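Below you'll find the structure, written out as structure tokens, and then a few comments.
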Amino acid sequence: MAEGNEAAPIAEGSKAALTPEQAEELVKYDLSLRMVPFLDRHLIFPIFNFLQETALYNQVALQKAQLTLLAETNMIDWALETYTLIGEQQPEELQKRRDVVLQQLEDSREKVLPLLQILEEEEKVQRVAACKSIDELCQTFDLDSTVIDGLVHYAKLQYDCGNYTLSGELLKHYRSMISQDTERPVMTSKQVSCTWGSLASFILNREFEEATDGAERAADVIFKINDFLDTTKMSKKEVLLQRTWLLHWSLFPIFTAEKVEVKLLDFFLNEKSLSCISLSCPHLFRYVASCLILQKRLKHLMKDTVWIIQHESTAYSDPVTRFLMALYVDMDFDEAQHELQQCEKVCKVDYFLDRHWTEFQENARLLIFETYCRIHQCINIGMIASKLNMGAEEAEVWIVKLIQNAKLDARIDSEKSRVVMSKAPPSVYQQDVLALRRPCVAKAMVHFAMQKARLASGKTMWILFMAMNGDPGDMQPLFDFHPATLVFAAAYMVFTSFAILSVLTGVVADKMATAAEEHAQETQALEEKAKDAHVKKFLSKTFNSCTDNGNGMTWKQYQAMLAQESLLEDICEEVGMDKNELDDAWDAFPKEIKKTVHGHPLEVVTEDDFVEGLMSAHATVQNLSMTRVFEKLRQIEKRLDK
């Protein structure tokens, strides 16, 4: 339990205490209360630790809130230390619970010890990887199947105790074994939970960087969960909720890792993620805007993303989002400078942005400078210093370094204390446009065009058609009279060629899309077929285990089967029905009349009717209802025949 201290490392040094007025001003920028509902309790501990350092809230109140969180974990030692810190007596039941947790750990470890010993040997781990199913693995190493599920329970206990490293390793082995099981093609709820557990362990262990041995990292698990949510058959509401959780959890590798993976930024800023943020968690637009400011590689997304931020500003806005809107929508540099000053307060109370303030300020100033330079050719240093919230000398040094590092085509005029942006020479296209604007050239072009039109009015469309096909020979007189028109002819030929290519590409793309859709349907059909086979196998095995030599299932045997909680839970998960529906399903089964030893008639359900009945009944409510109706009609017909 002492390992629980890993969850909240205490940073060196504490920040200066805030006055009540300062705290009241800063607390409105704290998003902790909005984010906590979407985080695992273990992920909340680092945020609580940060809030204690900021002195934004009452320390005792924070520690009591922390105790409330600790009560749902097994980190007893940390809870006992917290009671000591706030000057309260340690509860006796907490000491007793500590002994209980230690015993649970020992019992769980003893249960999975054979598997743990196997996983400690590299050679045996490779043999495990070669097994194609859980049954084959158990036969190879003479293990009971319950040991595999026990590994998950042991990993969960270690996670609750704060042993995130061991928990992550155990879950990694479990997920690897399950992923190789061809008899379980569909991801179960337990596998999904294990994937989330792996992600939490990686985040708390700060396993963000790419490993040299290709080991899995937090980003890899995020992508796997995202792929699962893209293909799952869960309800849209549940998918939206899990995507919201995933976006919150992804903030840790994006803002606390030393190096952010481009693919992870693409996931966070893609259209699907932005739609989810807009629907369920608009406060994450703070971090969307922060990514645009901190990551220079995202400049190509700036315009479209800022438009979305502006569109959602009625739902959420803060100094970070308002800074981008002031700069790129309103072009209000004074307002942008004001919001940048407020951004410092935001970063000061934000767990994810606090460590990035220096870089945030530098990049924000660069954005202001670049935007201002696109509008003005000569920039007064004193004036730009005020826009950047800097002194004149400091601004001049900053601009010199910027010109050197960014290789801007600019120079500083020290005498007039200004920055002069060099004007790039006009392109060939711009030169042609300027030439056409000259009256004499324009007049000659009009005269030539009219003359040419009179001479070749009947051939105009043919000439353009031939040029479109790469033969501009008939346009040679125009080129001889004014060579600059070669540019327009080339542009026309390129444009028309691309138009034809686009049409052909559209046809090919449509065919490819149709083929891809057909392939997806075939793949889905195969997956459903494999799932049905797995469910049928499971139901047959269940029927035989609950009956005598498979001679038929009676009502009492059916109720005895449903009375077994673990078996009932497995049946509900496999066929997608709850207990009430399973109770009602008995009436829908076709039944045969057999006589008991004493000669009494007895209704029984055969194995085939049991399997097919549950397979068809769980499909839809309508199928279940219709099956019941047909069964009732069959019984009535039998009575009439008698």
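Because the structure is a prediction, the values reported are computed rather than measured.
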Assess the pair F352 and F252: is the distance between their ring centroids shorter than 6.0 Å? yes

Listing, residues 33-41 side-chain donor-acceptor contacts under 3.5 Å, not counting sequence neighbours, or none:
residue, atom, partner, partner atom, Å
D40, OD2, H42, N, 2.9
D40, OD2, Y159, OH, 2.8

Can you tell if the side chain of P253 reaches within under 4.5 Å of the side chain of V260, non-hydrogen atoms only? no

Between S193 (side chain only) and S189 (backbone N and O only), is there a donor and an acceptor less than 3.5 Å apart? yes

Near-ring test F543/F610, centroid separation under 6.0 angstrom: yes

Step by step, work out the salt bridge (Lys or Arg N to Asp or Glu O under 4.0 Å) result for D230 and R243. CA-CA 10 Å; D230 283 338; R243 283 198 183 280; 2.4 Å; yes

Considering all heavy atoms of both residues, which atom of L151 and which atom of L116 are nearest to each other, and what is their separation? CD1-CD2, 4.0 Å

Indicate the atoms forming the closest heavy-atom contact of C131 with T140, along with that distance. SG-OG1, 4.0 Å

Taking D609 for the side chain and V605 for the main chain, is one N or O donor matched with an acceptor at less than 3.5 Å? no

V192 side chain near M234 side chain, heavy-atom distance below 4.5 Å: no

Is there a side-chain contact (heavy atoms from CB on, under 4.5 Å) between L31 and Y316? Walk through the geometry before answering. CA-CA 12 Å; L31 295 180; Y316 178 81; 3.9 Å; yes

Rounded to the nearest 0.5 Å, what's the gap from CG on L241 to CG on L229? Could you check? 10.0 Å

Hey, is the main chain of S540 close enough, under 3.5 Å, to the side chain of N544 for a donor-acceptor pair? yes

Can you tell me how far the CG atom of L119 sits from the CG atom of L170, to the nearest 0.5 Å? 7.5 Å

Heavy-atom closest pair, residues L171 and G197: CD1-C, 3.6 Å

Is there a side-chain contact between F228 and T195, using heavy atoms and a 4.5 Å cut-off? no

Given the options R175, K172, E169, S198 meets side chain to side chain donor-acceptor pair (under 3.5 Å) only with R175

When the ring planes of F223 and F267 are compared, do they come out parallel, tilted or perpendicular, using 30° and 60° as the limits? perpendicular

I'd like to check I76 versus Q95 (side-chain heavy atoms, cut-off strictly below 4.5 Å). Are they in contact? no

Name the residue from L247, D227, I254, L199 that meets the side chain to side chain contact (heavy atoms under 4.5 Å, CB included) definition with I222. L199

Taking 4.0 angstrom as the limit, do K156 and D160 come out as a salt bridge? yes

Answer yes or no: is there a side-chain heavy-atom contact under 4.5 Å between L284 and L251? yes

If every non-hydrogen atom of L105 is compared with every non-hydrogen atom of C161, which pair is closest and at what distance? CD1-SG, 3.8 Å

Hey, are the side chains of Q117 and F141 touching, using non-hydrogen atoms and a 4.5 Å cut-off? no

Should the ring pair H248 and H283 be called parallel, tilted or perpendicular, given that the plane angle runs from 0 to 90° and is split at 30 and 60? tilted

Please report the C-alpha distance between E607 and T547 in whole Å, then the side-chain angles of each, then the deciding distance to 0.1 Å, and finally whether the side-chain contact (heavy atoms from CB on, under 4.5 Å) criterion is met. CA-CA 10 Å; E607 179 181 348; T547 58; over 6 Å; no

Check: Q104 main-chain N/O paired with S108 side-chain donor or acceptor under 3.5 Å: no

Between CD1 on residue I571 and CG on residue L562, distance to nearest 0.5 Å: 6.5 Å

W196 versus L246, closest heavy-atom pair with distance: CH2-N, 3.6 Å

Worked verdict on E238 versus Q242 for side chain to side chain donor-acceptor pair (under 3.5 Å): CA-CA 6 Å; E238 181 65 22; Q242 295 217 20; 3.2 Å; yes

Taking atom types as modelled, find out whether D608 and T606 have a side-chain donor-acceptor pair closer than 3.5 angstrom. no

Within the distance-only criterion (no hydrogens, no angle test), does the side chain of Q557 pair as donor or acceptor with the backbone N or O of T554 below 3.5 angstrom? yes

Taking S167 for its side chain and A155 for its backbone only, find out whether a donor-acceptor pair lies under 3.5 Å. yes

Is any side-chain heavy atom of V221 less than 4.5 Å from a side-chain heavy atom of I225? yes

When rounded to the nearest 0.5 angstrom, what is the spacing between CG in L69 and CD in Q66? 7.5 Å

Straight-line distance of L67 CG to Y83 OH, nearest 0.5 Å: 5.0 Å

After noting the C-alpha distance and the side-chain angles of I148 and C138, does the key distance pass the side-chain contact (heavy atoms from CB on, under 4.5 Å) rule? CA-CA 9 Å; I148 307 300; C138 293; 4.3 Å; yes

So SG of C546 and NZ of K541: to nearest 0.5 Å the spacing works out to 11.5 Å

L70 backbone acceptor or donor facing T73 side chain under 3.5 Å: yes

Would you sort out whether F202 and R217 count as a side-chain contact (heavy atoms from CB on, under 4.5 Å), showing the intermediate values? CA-CA 7 Å; F202 286 147; R217 304 155 300 136; 5.8 Å; no

Side chain proximity check, L204 to F45, heavy atoms < 4.5 angstrom: no

Derivation and outcome, salt bridge (Lys or Arg N to Asp or Glu O under 4.0 Å), residues D532 and K536: CA-CA 6 Å; D532 289 343; K536 285 183 178 180; over 6 Å; no

Intermediate values then yes/no, side chain to side chain donor-acceptor pair (under 3.5 Å), Q63 and T82: CA-CA 7 Å; Q63 288 169 342; T82 305; over 6 Å; no

